[in-house]
**Student:** 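Have a look at this one before I ask anything.
Side-chain atoms are counted along with the backbone in the values below, which use heavy atoms only and exclude waters and symmetry mates. Residue numbers start from 1 in every chain, and the chains themselves are labelled A, B, ... in the order their sequence lines are given, proteins ahead of strands.
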Amino acid sequence: MYNYGKKYCCQYFFTYVRDHDEPYIRYGVTVTRRIGNAVVRNRAKRIMREALRQSAEYAEPGFEIVLVARSDIKKVGFFPVLHQLKKHLFEKHSIHRKGKVLER
RNA sequence: GGAGUCGGCCGGGCGGCCGCUGGUUCCUGUUGGAACUGGAGGAAAGUCCGGGCUCCAGAGGGCAGAACGCCGGGUAACUCCCGGGGGGAGUGAUCCUACGGAAAGUGCAACAGAGAGCAGACCGCCGAUGGCCUCAAGGCACAGGCAAGGGUGAAACGGUGAGGUAAGAGCUCACCAGCGGUUCGGGUAACCGGAUCGGCUUGGCAAACCCCGUUCGGAGCAAGACCAAAUAGAGAAGCGCUUGAGAGCGGCCCGUUCGAUGCUUCCGGGUAGGUUGCAUGAGGCGCAUGGUAACAUGCGUCCCAGAUGAAUGGUCGCCGUUCAUCCGGUUAAACGGAUGUUCACAGAACCCGGCUUACAGGUCGACUCCGCGU
């Protein structure tokens, strides 16, 4: 995934995306211990998962995605992360807007 | 009113919309869907002690190692807790205390200081006795004697007074301190208080080695138990070896191709994966009784997270909270409003009892000291 997927980055996280033929979206979230203690890591994961969930409502299934947190993510709330994720998916990677099938 | 000590509790609240996850019921029973309902902490943290539970080992004893160390009680157990004693700090409430043995041995003590262990002589005191000078009184400070005073240090081999002496010294004596023995009183005990006798003084550190006493088998829920694709096989039964078991093509028959240490079933094994362990417990709350208390007993009542690439969230509104700016208000504050901003430490992972560490702010109670008023 890290080797073959497309990589996009911003201040808060890295996005790895790869297209496939299955009728669902498969996602993963990574927060390393460098980001902070357990409370901070949990919050980062929840924000990224919520952003993925809300973005996937508008996306055509058929790709898999991994988000890797960077340390600046602990400084910001939900909306900057959602905004950046939509930018990566729909502007840079050109995912079709539609669909709803989601798988972890 | 100010300063302080100790203990307890809370540690954002309410509501909408969209999600995650456990349970129950229904639909459905492959996946799933609907309704109702539960869903982080006082430390969930560090993983430092003690237990439950599980597996392994185990005749009995010892060594080594580790932990602990005043007394009594509590507890499943503890190195924890409660009560008490000794020592230390504080005016006090209160706090701190690894608090057995230094007269079994080994070892250690920076700097300063003359000297740091059965010590020492820098300044100092004396110079009786002996020596030198002198008729002598006396002088010299040479041999030698002393450790009272000064000074150093965290610590210098008891303190005060008297006798004694050349000067001094527990050298002698009295009292005091300390040590040891005997004994009386109080207390379960640690210990406290008193009487008497003794020898005359024996420094500190054991969280240095050590000695004495007490306790300790090992590993851990990734423990352990069960189901079980795959894949080794040492096994058993059946069928079959050109008279063809079985497999492929095909909806089926025929047909055709492959086909012999072969095929099927069972057994066995246990990988991936799943189930269980797994949440009713040394349980919470309330009341009563016993106890100074820790805690125990009885009765009533409640069911209160259960994830596993690891749920318990996202967002909006109102209120609360911190700070800043502006406006109103005021002598100045208090107070009111607007805008922005802030809201501690921190996330269950088999379960309990502790310890330790982190923590914005708020709140309640008890007590102490100081000031003022009555």
**Student:** What is the base-pairing partner of C210(B), counting Watson-Crick and G-U wobble geometry with both distances under 3.5 Å?
**Tutor:** G101(B)
**Student:** Over how many whole Å does the gap from Ile47(A) atom CD1 to G347(B) atom C1' extend?
**Tutor:** 15 Å
**Student:** What's the CD-C1' distance between Glu64(A) and G309(B), to the nearest Å?
**Tutor:** 15 Å
**Student:** Please report the distance separating the C1' of C82(B) from the corresponding atom of G7(B), rounded so that it comes out in whole Å.
**Tutor:** 15 Å
**Student:** If you measure from the C1' atom in G69(B) to the same atom in U97(B), how many Å do you get, rounded?
**Tutor:** 14 Å
**Student:** By a strict heavy-atom criterion of less than 4.0 Å, which residues belonging to residues 37-45 of chain A are in contact with RNA chain B?
**Tutor:** Asn37(A), Ala38(A), Val39(A), Asn42(A), Arg43(A)
**Student:** How many Å lie between CE on Met48(A) and P on C20(B), as a whole number?
**Tutor:** 19 Å
**Student:** Expressed as a whole number of Å, how far does the C1' atom of U357(B) sit from that of G42(B)?
**Tutor:** 13 Å
**Student:** CG of Leu82(A) versus C1' of U315(B): gap in Å, rounded?
**Tutor:** 11 Å
**Student:** Once you round it to whole Å, what is the distance between P of G314(B) and CD1 of Ile73(A)?
**Tutor:** 13 Å
**Student:** Which base sits across from A93(B) as a Watson-Crick or G-U pair, both distances under 3.5 Å?
**Tutor:** none
**Student:** Going by purine N1 to pyrimidine N3 plus the second Watson-Crick contact, or the G-U wobble pair, all under 3.5 Å, which nucleotide sits opposite C53(B)?
**Tutor:** G220(B)
**Student:** Suppose you measure atom P in A219(B) against the same atom in G224(B); what distance do you get, rounded to whole Å?
**Tutor:** 14 Å
**Student:** Would you measure the distance from the P atom in U322(B) across to the matching atom in A222(B) and give it in whole Å?
**Tutor:** 47 Å
**Student:** Pairing check on G313(B): which nucleotide meets the Watson-Crick or G-U wobble criteria with it, both distances under 3.5 Å?
**Tutor:** C18(B)
**Student:** Could you tell me which nucleotide pairs with G347(B) by Watson-Crick or G-U wobble geometry, both distances under 3.5 Å, or answer none if nothing does?
**Tutor:** none
**Student:** With C1' as the reference atom in both, quote the distance from C278(B) to U54(B) in angstrom, rounded to an integer.
**Tutor:** 14 Å
**Student:** Watson-Crick or G-U wobble partner for G298(B), using a 3.5 Å limit on both distances?
**Tutor:** C287(B)
**Student:** Please name the nucleotide paired to A360(B) by Watson-Crick or G-U wobble geometry with both distances under 3.5 Å, or report none.
**Tutor:** none
**Student:** With syn defined as a glycosidic angle within 90° of 0 and anti as the rest, where does G170(B) land?
**Tutor:** syn
**Student:** Rounded off to whole Å, could you give me the CG-to-C1' distance for the Leu52(A) and G19(B) pair?
**Tutor:** 13 Å
**Student:** Base of A40(B) relative to its sugar, syn (within 90° of 0) or anti?
**Tutor:** syn
**Student:** Can you tell me the distance, in whole Å, between the CZ atom of Phe79(A) and the P atom of C18(B)?
**Tutor:** 16 Å
**Student:** Name the orientation of the base relative to the sugar in C14(B): syn if the glycosidic angle is within 90° of 0, else anti.
**Tutor:** anti
**Student:** Between Ser55(A) and Lys86(A), what is the shortest heavy-atom contact and its length?
**Tutor:** OG-CG, 3.9 Å
**Student:** Rounding to a whole Å, what distance do you find between Arg46(A):CZ and A311(B):C1'?
**Tutor:** 8 Å
**Student:** If I pick the P atom on A207(B) and the same atom on A40(B), what distance separates them, to the nearest angstrom?
**Tutor:** 49 Å
**Student:** Any strand is fair game: report the nucleotide pairing with C226(B) by Watson-Crick or G-U wobble, both distances under 3.5 Å, or none.
**Tutor:** G274(B)
**Student:** Measuring only the C1' atom in each nucleotide, how far is A3(B) from A294(B)? A whole number of Å is fine.
**Tutor:** 34 Å
**Student:** For residues Ile35(A) and Lys74(A), report the shortest heavy-atom separation together with the two atoms involved.
**Tutor:** O-NZ, 3.0 Å
**Student:** Mind telling me if G187(B) is syn or anti? Syn here is a glycosidic angle within 90° of 0.
**Tutor:** anti
